[in-house]
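Take a look at the structure below.
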Amino acid sequence: MIQSKSAAHAKAYFTEALAKPDYYLSGNDQETKGYVQGKLAKRLGIDGPITQSVFYQLCDNVHPGTGGSLTPRTKEERTTGYDINFHCPKSVSILHALSQDNHIQKAFEEAVRATMLDLETDSKTRVRKGNVYGDRLTGELVWTDFIHQTARPVDGHVPDPHLHAHCFVFNATWDETEKECKAAQFRDTKRDMPYYQARFHKRLSDQLIQQGYQIRRTAKSFEIEGVPQNVIDLFSKRTDEIGRIAKEKGITSAKELDELGARTRSKKQQGLSMSELKSEWRRQIGELGSQDEREGKRPIRFSSTQEKQSLQPQNCVDHAICHDFERASVIQDRRLLATAYRHSIGHQSVSIDTITDCLQADERLIQIEEKGQMLCTTKQVLLEEQHMVQLARLGQGKLKPLYQKTPELSVSGQQADAIRHVLTTPHRVSIIRGAAGSGKTTLMREAVNKIEQAGKHVTVVAPSSQASRGVLREEGFEHAQTVAQLLTDHKLQQALRDQVLWVDEAGLLGTQDMSALLKLSNEQNTRLILGGDTRQHASVVRGDALRILNTVGGIQTAEVNKIYRQQREAYRQVVEDLSKGDVKNAFALLDQIGFIQEVDPLKPNDVLVEDYVSTLREGKSALIVSPTHQQSDEVTIAIREKLKTEDRLGKKEITVSRLTNTNFTQAQKSDWRNFQVDQKIQFNQNRPGIKRGSVWTVKSCSEAGVAIESEQQETRYLPIDKPIDYDVFQLSEMPLSQGDQVRITRNGFDLNKTRLDNGQLLDVIKVYKSGELVLRNRLSQAEYRLDANYGHLTYAYCITSHAAQGKTVDEVFISQPANTFPGTDAKQFYVSVSRGRHRARIYTDKKVELLEHVIRDGDRKSAIELTGHVDPTLSMMHQHLRETQHLQQKSPTKESKSSTPPRSKDRDYEPGL
């Protein structure tokens, strides 16, 4: 869905791309004429074949029948409309191009038509009258559709087959209540585009199955079984060309790729009709041959047969609930439906309507309408959060403070206040929220020292191995462990009896791990101190647990937001504002002190690369951060090329394996259709005939199962019913030279059995022809030896903000062009900006739009927040605590004086607040 921001832009697009067949060669039989569609078109009396005159009038906001204004307001630079693109899978386009009739095109047109009717039914307009500020459902749109059958040609080649449609939707709708045409509200349409896309793919695949084709689902859509992969690759020349140019220019966003496609369009070629094109395509296929002679002779189309594997609507809904709620507590219903529709692709017997009805009737879901969308959680998720809150509240006011009077401290200000809170609280659970760069480690050392002086042992843990075995151990907490280790080690748990457990980076804990820690602290009578920052990134898995405990659970938080990391006063103020959530003021100050630089959208990395290398020349430490992996990869390529020209990388270059985690959810790992031949499987647990840590290769995927092979060529079937036992990786290669910087991406061991932790940043100090390499930790100077097949490493020049959390450098460089905006929010921006001591430099091609995205808070709504529902038993227990304490204060007894701490005037110490 691509926005057209002016009438001039829309008219040029009509002339040069939609109506003019300049890249489809000669012959009127190649293209289908455009038509005006929609209920509003009928209302205006213009439905039918499109003409330039009508298109231009609609662009100018002119009523084609009366000549007056179509909608009340006409601005020169107004959103004219949106070009919604529908693309067939390549195998479908190829079969259509070679078929003797239009049966595939008819199926495609019907899928497009039905999906556009979905969009029209959901259309809205803004309401700003009678003190009403909202949106109103209208159900009327006007659009023009154009069907094209070929891709733009690559110079020297005839165009490839590519069946696709452009539906240009004008910015107008009919408001029946106000009896006038008004501008449409497309914000929700754009948000729901994955939902509409899933419905389109489902409709098209179902019709193709009805016509006798077998469907193979892919990562983004589907393909038709029997079309050889090398033929699909053959007819992807235009895609390859755009990809090559985009890579050179660092362009990755869908919108910019489309604009790039228009700019690189080849000139009109004359002389070939559609029949001549088909002959040329057959010739190319004949010269190519088949990867497998049998594959090339297999039938592709069959008579309609009964499906081999039955799938029910409930299976699709189960998959969607399992998949989507693994990493979020609240999901929009249309996101769930999109997942369910995609799961059903390849099964015509399961329809869109039956899946929709099944999900809406599912009793596991709690569905609540909010701001024009239906948000969902599950009863299980709600109970999980309520249980976590209950566990935290059980310890309110139950312990004797470690100190009645705080001992003398070596720190002052907020740090001292936070330590006093921990030492004098009567609550089992306490939270210290420390902003990025606020000296949390210094605070932690002093607090642990005083706790131990009070006769308690402190066990320190963190959610990640890098935070625990890396950062914490380097900061003097030599026995720090991971949360996962604690939750599986019985001896560590027993050692907590009547002692203190300190969890660093607690904001990275999900609901389940937080509940497990709370349960453990109650069982072992352990004080639990949670240190973290709820404004930084939360857990990947479901539940922003620390924020929920503070905001919903009422666990009081000691705030430490005075910043020490940043050396410049203005920079320090920026980070303090971000830590408080004042993003607008922080952004303005960043701009004022020159930390934001607008760059050429076609060369988004050039200035950044020069500045980064210049900083390295000065001997400063530096790190580049970007919201997306894709942008990180693009920046990394540019950085390495620059380092080579500066002779900062060694001449000798070796190639090593790189294993990229697919990050499949458990639901995805339970479906054989998601696996691909040559993917790598690494096991986290021992299985029959399979050792923990071993890496296997996917050899085949079918309804019979996923066959995998070990390095010793042993064959097993993947236990897809045990998805937690393994991870799925995509294998690729990466060149390395002496001087490269890399990051470990999974816990493991080097050739000398020395432990490597996920997230470690290391320098390559030596490479060998054999593929072996030597790495060094810049801080500890520890060295590691890896072979070429270690796999779990990537470049560390540009990393995501998730990977950057917890790291500090002299200068941080933030690559944030428009294509990264979908991954941009306040949390990402805060983490990225706060990494530097001396300076943060932000590179973007759209500064104003960047601000619109960084002000999004990034918090995931909890089930309790959605429902506004806390278990009544919690409220009763809470009230009981208050009443009991009130009576004890009113009529104190010896028992109450000895067992219940005095009630402080400070709200920090009041149970339940």
Subject >> Under 3.5 Å: donor-acceptor pair, side chain of E598, backbone of K847 >> reply: yes

**OP:** Under the side-chain contact (heavy atoms from CB on, under 4.5 Å) rule, collect the residues that match up with S770, sequence neighbours excluded.
**Re:** Y768, E772

Subject >> Side chain proximity check, Y795 to Q741, heavy atoms < 4.5 angstrom >> reply: no

**OP:** Start with the C-alpha distance between T660 and R658, add both sets of side-chain angles, then the distance that settles side-chain contact (heavy atoms from CB on, under 4.5 Å), and finish with yes or no.
**Re:** CA-CA 6 Å; T660 304; R658 177 183 176 184; 3.7 Å; yes

**OP:** Please confirm whether the backbone N or O of F325 pairs with a side-chain atom of R542, one donor and one acceptor, at under 3.5 Å?
**Re:** yes

Original post:
Does any N or O in the side chain of T655 come within less than 3.5 Å of the main-chain N or O of M734, such that one atom is a donor and the other an acceptor?
Top reply: no

Subject >> Y784 side, atom OH; L793 side, atom CG - distance, nearest 0.5 Å >> reply: 13.5 Å

Original post:
Under the 3.5 angstrom rule, does the side chain of R841 hit a backbone N or O of F813 as a donor-acceptor pair?
Top reply: no

**OP:** Measure from the side-chain N and O atoms of E641 to the backbone N and O of A638, and report whether any donor-acceptor pair falls under 3.5 Å.
**Re:** no

Subject >> Atom CZ of R755 with >12 non-hydrogen neighbours under 6.0 angstrom >> reply: yes

**OP:** Without swapping roles, check the side chain of E618 against the backbone of T615 for a donor-acceptor pair under 3.5 Å.
**Re:** no

Subject >> Candidate pair Y571 and H838, rule side-chain contact (heavy atoms from CB on, under 4.5 Å), full reasoning >> reply: CA-CA 8 Å; Y571 185 14; H838 306 302; 5.8 Å; no

**OP:** Provide the closest heavy-atom pair for L761 versus A796 in the form atom of the first, atom of the second, distance.
**Re:** CD2-CB, 3.8 Å

Original post:
Is there a donor-acceptor contact under 3.5 Å linking the side chains of D577 and Q573?
Top reply: yes

Original post:
For the side chain of R835 and the backbone of A840, is there at least one donor-acceptor N/O pair under 3.5 Å apart?
Top reply: no

Subject >> Test item: R547 side-chain N/O and T534 main-chain N/O as donor-acceptor pair under 3.5 Å >> reply: no

**OP:** Verify the distance criterion only: is there a donor paired with an acceptor across the side chains of E446 and Q415 at less than 3.5 Å?
**Re:** no

Original post:
S737 and V767: which non-hydrogen atoms are nearest, and at how many Å?
Top reply: C-CG1, 4.1 Å

**OP:** Please confirm whether K669 makes a cation-pi placement over Y726, using NZ or CZ under 6.0 Å from the six-membered ring centre and within 45° of the ring normal.
**Re:** yes

Subject >> Gap between atom CG of L643 and atom CG of L616 - 0.5 Å precision >> reply: 7.0 Å

**OP:** Might you work through the ring-ring contact (aromatic ring centres under 6.0 Å, His included) test for H792 and F729, ending with a clear yes or no?
**Re:** CA-CA 10 Å; H792 297 295; F729 297 88; 5.0 Å; yes

**OP:** Would you kindly say whether D810 and S621 are connected by a side-chain donor-acceptor distance under 3.5 Å?
**Re:** yes

**OP:** Flag yes if more than 12 heavy atoms outside Q781 fall under 6.0 Å of its CD atom; otherwise flag no.
**Re:** yes

Original post:
Can you check salt bridge (charged side-chain N to carboxylate O under 4.0 Å, His left out) on E783 and R776, steps first, answer last?
Top reply: CA-CA 4 Å; E783 292 189 1; R776 178 183 292 158; 2.8 Å; yes

**OP:** Start with the C-alpha gap between L649 and Q738, add the side-chain angles, then the distance that decides, and say whether side-chain contact (heavy atoms from CB on, under 4.5 Å) holds.
**Re:** CA-CA 6 Å; L649 296 183; Q738 180 181 340; over 6 Å; no

Original post:
Using 4.0 Å as the upper bound for N to carboxylate O, is an ion pair formed by E852 and K846?
Top reply: no

Original post:
Got a salt bridge between D582 and K584, using NZ or NE/NH1/NH2 to carboxylate O under 4.0 Å?
Top reply: no

Original post:
Are Q631 and S815 linked by a side-chain donor-acceptor pair shorter than 3.5 Å?
Top reply: yes

Original post:
Which heavy-atom pair separates L731 from S657 by the least distance, and what is that distance?
Top reply: CD1-CB, 3.9 Å

Original post:
Is any side-chain heavy atom of F829 less than 4.5 Å from a side-chain heavy atom of Q816?
Top reply: yes

Original post:
With no hydrogens and no angle check, do the side chains of S329 and R860 hold a donor and an acceptor under 3.5 Å apart?
Top reply: no

Original post:
If you measure from CD1 on I842 to CZ on F595, what distance do you get to the nearest 0.5 Å?
Top reply: 8.5 Å

Original post:
Just how far is it from atom CG of L501 to atom CG of L492, taken to the nearest 0.5 Å?
Top reply: 10.0 Å

Original post:
Ion pair present between E811 and R839, side-chain N to carboxylate O less than 4.0 angstrom?
Top reply: no

Subject >> Geometric class of the H802/H537 ring pair [parallel <30°, tilted 30-60°, perpendicular >60°] >> reply: parallel

Subject >> Chi angles and distances behind the side-chain contact (heavy atoms from CB on, under 4.5 Å) call for S832, Q828 >> reply: CA-CA 6 Å; S832 301; Q828 168 273 320; 3.2 Å; yes

**OP:** Give the minimum heavy-atom separation between Q682 and G693, together with the two atoms involved.
**Re:** NE2-O, 3.1 Å

Subject >> Validation row: S539, R327 side chains within 4.5 angstrom (heavy atoms) >> reply: no

**OP:** Report yes or no: do S465 and N747 form a side-chain donor-acceptor pair below 3.5 Å?
**Re:** yes

Original post:
With no hydrogens and no angle check, do the side chains of Y843 and D611 hold a donor and an acceptor under 3.5 Å apart?
Top reply: yes

Original post:
Between T697 and K680, do the side chains contain an N or O donor and an N or O acceptor separated by less than 3.5 Å?
Top reply: yes

**OP:** List the steps, then state whether salt bridge (charged side-chain N to carboxylate O under 4.0 Å, His left out) holds for E475 with K440.
**Re:** CA-CA 11 Å; E475 294 290 347; K440 293 190 293 290; over 6 Å; no

Original post:
So, H629 and T800: side-chain donor and acceptor under 3.5 Å apart, yes or no?
Top reply: no

Original post:
Can you check whether T824's main-chain N or O pairs, donor with acceptor, with R856's side chain at less than 3.5 Å?
Top reply: yes

Subject >> Passing option when K827 is tested against D857, D859, D533 for side-chain hydrogen bond (donor to acceptor under 3.5 Å, both in side chains) >> reply: D859

Original post:
If you look at every heavy atom in I690 and S694, which pair is closest and at what distance?
Top reply: CG2-OG, 3.6 Å

**OP:** Using distance alone, with no hydrogens and no angle criterion, decide if Y797 and D740 have a side-chain donor and acceptor under 3.5 Å apart.
**Re:** yes

Original post:
Checking T636 side chain against S632 main chain: does a donor-acceptor pair fall under 3.5 Å?
Top reply: yes

Original post:
Below 4.0 angstrom, N of the basic side chain to O of the carboxylate: do K562 and E576 qualify?
Top reply: no

Subject >> Worked check of salt bridge (charged side-chain N to carboxylate O under 4.0 Å, His left out) between R746 and D727 >> reply: CA-CA 11 Å; R746 183 185 172 99; D727 289 316; 2.9 Å; yes

Original post:
Quick one: which of T441, V461, V460 gives a side-chain contact (heavy atoms from CB on, under 4.5 Å) with L472?
Top reply: V460

Subject >> Closest non-hydrogen atom pair between D757 and Q760, with its separation >> reply: N-OE1, 2.6 Å

